[in-house]
2 protein chains.
Amino acid sequence: MYSGGVDAAERLVESTRVLLWERGYVGTSPRAIQAHAGVGQGSMYHHFDGKAALARAAIERTAAELRAAADAQLGADAPALARVEAYLRRERDVLRGCPVGRLTQDPDVMADAELRRPVEQTFTWLRARLGDVLAEGVAAGELVGLDAAVTAATIVAVLQGGYVLARAAGSGVPFAQAVDGLLALLAAHAAPAGPLGPAD
Amino acid sequence: MYSGGVDAAERLVESTRVLLWERGYVGTSPRAIQAHAGVGQGSMYHHFDGKAALARAAIERTAAELRAAADAQLGADAPALARVEAYLRRERDVLRGCPVGRLTQDPDVMADAELRRPVEQTFTWLRARLGDVLAEGVAAGELVGLDAAVTAATIVAVLQGGYVLARAAGSGVPFAQAVDGLLALLAAHAAPAGPLGPAD
DNA sequence: GTCTATACTTAGATAGAC
DNA sequence: GTCTATCTAAGTATAGAC
């Protein structure tokens with residue numbers, strides 16, 4: 001049961017985030033949320049219209065957090081490929097999977113426009129963000145012969161698929177392998193750095 | 001409601017396969033299976049012990065089908081990279097996602113050893129199968145500078161992640177992009193074919 | 001704001017008749 | 001083999017007291 005020094009509404013949203021990640025929308029009941037948050041029935045329905053409204057708040061927060069986390073690496077002051085590598089190799093709770101990606105498997109989330117929107121936007125944003133980084137690398141002559149948009153989709157897919165493989169295996173190893181394999185493939189497109197760098 | 005010219009047990013398994021794919025294990029009730037199969041309560045419990053037993057039969061069949069489908073391309077008589085490409089570009093019901101991969105997000109499937117085993121085995125097998133194909137390509141001099149095992153994980157991850165991106169976007173486009181990006185990266189490792197082929 | 005009582009539906013399964 | 005009744009628990013929510 002969760003409780004920080006915060007109010008009921010806040011605890012409810014955080015508990016919903018945890019349970020959605022663990023069990024998905026279909027597998028998460030209002031009762032379970034209340035129990036996890038240590039909040040009663042009446043309190044929950046006072047603060048939120050119901051399960052969908054709570055899920056909406058939870059999903060939007062999780063999506064925003066994911067974007068911020070990605071920006072931490074992708075917006076760093078470093079060469080494009082180094083930023084991509086930092087993003088790919090960032091510490092992750094691999095066996096828990098991606099809290100946003102898992103929602104794509106939730107039929108009731110995908111069927112509700114309000115719940116679905118943040119999921120869709122997150123991946124649209126992420127592909128674009130990665131595409132921009134790659135395009136910068138190409139423009140700087142640091143990366144050669146890459147289609148930025150298409151490669152960005154490949155990179156996001158490797159992460160999302162890596163989570164699937166890790167969960168299937170019950171081990172983080174296949175995730176690490178998928179990332180290693182991708183980085184090896186990307187390395188072949190790095191311009192050989194002369195003593196003067198990419199502008200050499 | 002499903003019905004071929006087959007018996008109740010068969011219709012139940014096929015209906016369970018469809019519903020597991022669409023709604024997952026947690027989201028699929030015995031009642032829904034009965035309704036989809038056009039089979040009564042009593043009949044279902046006569047043929048199967050319960051939901052878990054039915055799901056087990058369904059998942060095992062789906063896993064076997066996935067392996068057979070992959071083998072159709074990966075076991076063809078063609079160069080390694082061509083086989084991988086044929087596998088990646090095979091016609092797929094992209095928006096429905098992978099019927100095996102989606103189960104990794106189902107907490108009740110992963111918590112039940114009997115249900116989980118076919119999921120785990122499928123991906124272990126698939127990575128090994130792809131790894132063998134790549135290793136053949138390397139041995140034949142057709143592919144250069146690739147770590148077969150690690151690259152195999154990357155390839156499977158791109159597919160699984162491609163499904164996630166497609167479902168998030170509500171479009172097959174990001175899946176196709178992810179695959180295109182991967183094939184472009186792999187192409188850089190194909191040995192230039194001289195007039196005499198790889199042994200040139 | 002939070003609690004308790006209440007309500008209606010579904011999940012998941014058993015029992016026994018046909 | 002299949003049907004209908006029946007059962008306990010849980011899902012999801014409302015109503016009204018405190």
Side-chain angles (χ1 to χ4, degrees), chain A residues 1-59 103 105-112 114-115, chain B residues 1-59 103 105-112 114-115:
Chain A
M1 157 170 146
Y2 171 85
S3 67
V6 290
D7 64 19
E10 173 61 20
R11 292 210 303 280
L12 284 164
V13 172
E14 282 304 309
S15 292
T16 303
R17 277 171 18 102
V18 168
L19 292 172
L20 284 183
W21 195 355
E22 244 170 49
R23 305 201 34 89
Y25 184 79
V26 170
T28 297
S29 68
R31 292 171 90 91
I33 294 170
Q34 292 152 26
H36 189 277
V39 160
Q41 184 95 327
S43 183
M44 176 187 136
Y45 282 101
H46 171 75
H47 290 289
F48 295 91
D49 270 357
K51 178 177 169 175
L54 243 177
R56 187 178 166 191
I59 292 173
L103 298 172
Q105 304 300 331
D106 233 309
D108 292 0
V109 169
M110 300 313 276
D112 180 325
E114 303 280 294
L115 298 181
Chain B
M1 157 170 146
Y2 171 84
S3 66
V6 292
D7 64 19
E10 174 61 20
R11 290 210 304 280
L12 284 165
V13 173
E14 282 303 310
S15 292
T16 303
R17 277 167 22 99
V18 168
L19 292 172
L20 284 183
W21 195 356
E22 242 170 52
R23 305 202 34 91
Y25 184 79
V26 170
T28 298
S29 68
R31 292 170 91 89
I33 295 171
Q34 293 152 27
H36 188 277
V39 159
Q41 184 96 326
S43 182
M44 177 187 133
Y45 282 102
H46 171 75
H47 291 288
F48 296 92
D49 270 357
K51 178 178 168 174
L54 242 178
R56 187 179 167 191
I59 292 172
L103 298 172
Q105 303 300 332
D106 231 310
D108 293 0
V109 168
M110 300 313 275
D112 179 326
E114 303 279 296
L115 298 181

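Order of the sequence lines sets the chain letters (A, B, ...), proteins ahead of strands, with each chain counted from 1.
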field: Heavy-atom side-chain proximity of B/Q34 to B/Y45 below 4.5 angstrom
entry: yes
query: Taking the side chain of B/P30 as heavy atoms from C-beta outward, which of C/dT2, C/dG12, D/dT12 is closest to it?
result: C/dG12
Can you tell me how far [atom2] of [N] sits from [atom1] of [X], to the nearest Å?
| X | N | atom1 | atom2 | value |
| --- | --- | --- | --- | --- |
| A/Q34 | D/dA10 | CD | C1' | 12 Å |
| B/L19 | C/dG12 | CG | P | 12 Å |
| A/R31 | C/dT10 | CZ | P | 17 Å |
| A/Q41 | C/dT6 | CD | P | 14 Å |
| B/F48 | D/dT2 | CZ | C1' | 15 Å |
| A/Y45 | D/dA17 | OH | P | 21 Å |
| B/H46 | C/dA15 | NE2 | P | 16 Å |
| A/D7 | C/dT2 | CG | P | 8 Å |

- request: Report which part of the nucleic acid B/G40 touches: base, sugar-phosphate, or nothing (heavy-atom distance under 4.0 Å, all strands).
  value: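 Since only primed, P, OP1 and OP2 atoms lie under 4.0 Å of B/G40, the category is sugar-phosphate.
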query: Is the shortest side-chain N to carboxylate O distance from A/E14 to A/R17 below 4.0 Å?
result: yes
task: Output the distance between atom CD1 (A/I33) and atom OG1 (A/T16), rounded to the nearest 0.5 Å.
output: 3.5 Å
query: What's the spacing between B/D106 CG and B/I59 CD1 if we round to 0.5 Å?
result: 8.0 Å
- prompt: Relative to the 5' end of DNA chain D, which residue comes earlier, A/Y25 or A/G42, by the nucleotide with the nearest heavy atom?
  reply: A/Y25
